[in-house]
Student: 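Please see the structure below; I have some questions.
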Amino acid sequence: MSLARTRPGATRAIGVETVGMTKIFGGLTALDDVSIRVASGSFHALLGENGAGKSTLVKCMMGFYQPTRGEMLVNDVQVDVPNPRAATALGIGMVYQHFTLVPSLTAAENLVIARVDTPAVIDWGKERTALNAFLETTPFRVPLDVPVSGLSAGEKQKLEILKQLYLDQRFLILDEPTSVLTPDEADEMLGLLHGMTKAGDLTILMITHKFREVTAYADDVTVLRRGRVVGSGRVEDLSIAEMSRMMIGETDIRESAARTAQPEKKLKLELAGLFADDDEELPAIEAISLKIHAGEILGIAGVSGNGQSELIEVLSGQRLLKDGRIFIDTRPYEPERRQMDRFKVFGFSEEPLRNVAVPRMSVAENMAFRTFDKSPISPFRGWLSPVPMRKKARGLIDAYRVKTPSTEEPIENLSGGNVQRAILARELSGDVDVLIVANPCFGLDFASVAEIRAQIIDQRNKGAAILLVSEDLDEILELADTVAVMSEGRITYQSPMARTDRATIGHAMAGHH
Amino acid sequence: MGDDPGLMTVLLAMFAGAIRVSTPFLFVSLGEMLTEKSGRINLGLEGTLVFGAMSGYAISYHTGSPWLGVLVAGLCGSLFGALHGYLCKLPKVNDIAIGIAMMLFGTGLAFFFGKPYIQPSAPRLPSISFGTWSDHPAVRQALEINPLFLLGIALAIFLWWALKNTRYGLIIRTTGDSAPAALALGIHVDRVRLLSTMAGGFFAGIGGSFLSLYYPGSWTEGLSSGQGLMAVALVIFARWNPIYCFWAALLFGAAGALGPALQSIGISRGYHFFNAAPYILTLLIMIASTSPRRSLKGAPGELSITK
């Protein structure tokens, strides 16, 4: 890659426009007559719920899908994009939500292999010089010689963007680029990108659902709902309330239950100096000590991969505890089935089909995981009686409004929100003393999110001690009574919610405390 | 010689044995390493090894040129690799199951075609004498080194260099570590894996020809005794690094030479036990290098055992 081609200052951003883009999958219209115009050098936000058609739209633009109808213009010239390679050739690049870097290759190797004209024998001396010169032309800084698996999420995300710039892509589609970053990392990255659009070096189309990022960085916004454009305009002309109404439409959203005051502060769950290793036998969590009282939600904030999943695994008995004790009501607790039952410990987490359900077993069977070995479902030891199991499942399905054709439907055929509701029904229908929840609303639509959060507050009001681990800071801010921040396997910050704010928590998440 | 001629003899015999016995290990493990780097496991290399031994011996017998035998053994190996690579490309096919089938297929085919070559004697590979400076016959004999061993060292160094410094090296590593990333780069994942498996088969075939054409130096049905399978363990032990593959092959070779070396100084008690040393070593290495609480370090991310 010649350096002249990447020199800054030259106005080389490109504008892209779709006209009447429609995509029909079988009987489902995923995109319906979508026209958006992203002017060159602008920062355009694409808002919408899950399933609103955002990904379908950008996949059509990138050539992964062929639109059923509609066309695309680059710099006002109509273009054909039969495959992703064609999009790349037009200068359109995409940064995906999941990383597309090769973990065992270094940053330099990842950049060089991404090129079309990688030489057969690579002269690393020369390439290193060229890469350093290229990095000088961008505001991003990433270590070049470390395998990508050793980089932080923020560095990986920067490297993904660098890769697109290195390939000379001047129209970048970013798919929820900040979902794995700390607020500070996100601000830094978006700020730098914003600067590049202002300088005319870059055009950005960003898929997001974070209004804060839209109002802070985007120039224009388009809102999609059920495959249609339901609103668009300059960001400065729109309020967050207007944008959110466009996104959600007329759906009924359950109001969050009011938080009742909890008079007595009775200690329920105590974690005392927990240590555990990760899969590489390196310390994953160190000296985790937390106290959660009855009727309290303790929210653990943090960027993913800082030990939260290992902590959840320890608490649910999936990972060996190396050191430390867990106490419930000051009595020692081991996370095994009999004790969970005795101490009334329940929990649920993100992606229930992967984590807490057996996808091919029926809804009724999945709902009976906590009770199948007890009367009435199991009248004698080791025997299962399907009639009471189905009866119980029918009751739960009605009470929790799970949409399923029958109790015998494999649970994997339900929509994400309904799977989570079925699990909620299983975990919350009895008496709950301790509730362990991890990213409960990940990937769900607004109505389900509101429902699940309201259920969590209900449990709190009924006196359960709740440990909530979430990568979504807004969720913590909404639900938690006490907030703790986890960073590199340790609790680095803890405060009652009333005495802290987003910025303080964000700094703690980034390791500044 | 020192005070203990017995010990010296054993050490010298083990050194010589390590060089002789390690060569097939080295070739098969380099082939397996390359295949695994591209994201597939080929357990069929045991069959490839045996078929290489048979075909190399047969060609050498018919043409009188052992080197032509080595080449043909390699080519047969890459045919086996091509079959493995092609079958694994089909949907819902598991590379490990195909590998086991290929292992049985290769050995069966070799036994079938190899019957007529058990009796006759074919020209064997020459060796290079590096021991002419010594007047000790044992030293001179130990330093009779086959060119294939040297070729194996060169190959290990070349692969180590090429995986870092060439486009194809990076493409293979990319394919083996993250197929989605490779696809995003426009790499034909199946083609890269097919070619890597073919190259791996070529090396394994050469390793087989060494067995029949140099050491032990004749074609019998019990020739291989599982070297092709042990090479898989060896690759894990070597952490997918070609240079480590060389040292691991030497270690396995020395372990394999332990029994005969002890016998050469008259210790025949426990002969079969010492002959089992490579297998015991394989077990110990697998136990030591794996743990239920840890995932394998350095393993290519696409391997079906690590996924």
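Keep in mind the model is a prediction, meaning the values are calculated, not measured. Chain naming here is simple, since letters A, B, ... match the order of the sequence lines and numbering starts at 1 in each.
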Student: Using the side chain to side chain contact (heavy atoms under 4.5 Å, CB included) rule, pick out the option among A:Leu101, A:Asn110, A:Ile113 that qualifies with B:Thr174.
Tutor: A:Ile113
Student: Would you check, one step at a time, whether the test side-chain contact (heavy atoms from CB on, under 4.5 Å) holds for B:Trp161 with A:Val121?
Tutor: CA-CA 10 Å; B:Trp161 173 84; A:Val121 173; 3.9 Å; yes
Student: Going by the rule side-chain hydrogen bond (donor to acceptor under 3.5 Å, both in side chains), which residues pair with A:Ser104 if we only count those two or more places apart in sequence or in a different chain?
Tutor: B:Asp177
Student: Should we say atom OH of B:Tyr244 is surrounded by more than 12 heavy atoms from elsewhere, each under 6.0 Å from it?
Tutor: no
Student: Determine, for A:Glu109 against B:Arg173, whether the closest basic-nitrogen to carboxylate-oxygen distance falls under 4.0 angstrom.
Tutor: yes
Student: Looking at A:Phe442, I'd like to know if its CZ atom is crowded, meaning that more than 12 non-hydrogen atoms belonging to other residues, nucleotides or ligands lie closer than 6.0 Å.
Tutor: no
Student: So does A:Asn132 have more than 12 non-hydrogen atoms from other groups sitting under 6.0 Å from CG?
Tutor: yes
Student: Considering only heavy atoms from C-beta outward, does the side chain of A:Ile122 approach that of B:Thr166 to under 4.5 Å?
Tutor: no
Student: Just checking A:Glu488: does its CD atom have more than 12 heavy atoms from other residues, nucleotides or ligands closer to it than 6.0 angstrom?
Tutor: no
Student: Using a 6.0 Å cut-off, check whether atom CH2 of B:Trp67 has over 12 heavy atoms from anything other than its own residue.
Tutor: yes
Student: Can you say whether B:Ile171 sits under 4.5 Å from chain A via the side chain, the backbone, both, or neither, judging by heavy atoms?
Tutor: both
Student: Look up atom CG in A:Leu105 and atom NZ in B:Lys164, then write down how far apart they are to the nearest 0.5 Å.
Tutor: 11.0 Å
Student: Under a 4.5 Å heavy-atom cut-off, does chain B meet the side chain of A:Pro119, its backbone, both or neither?
Tutor: backbone
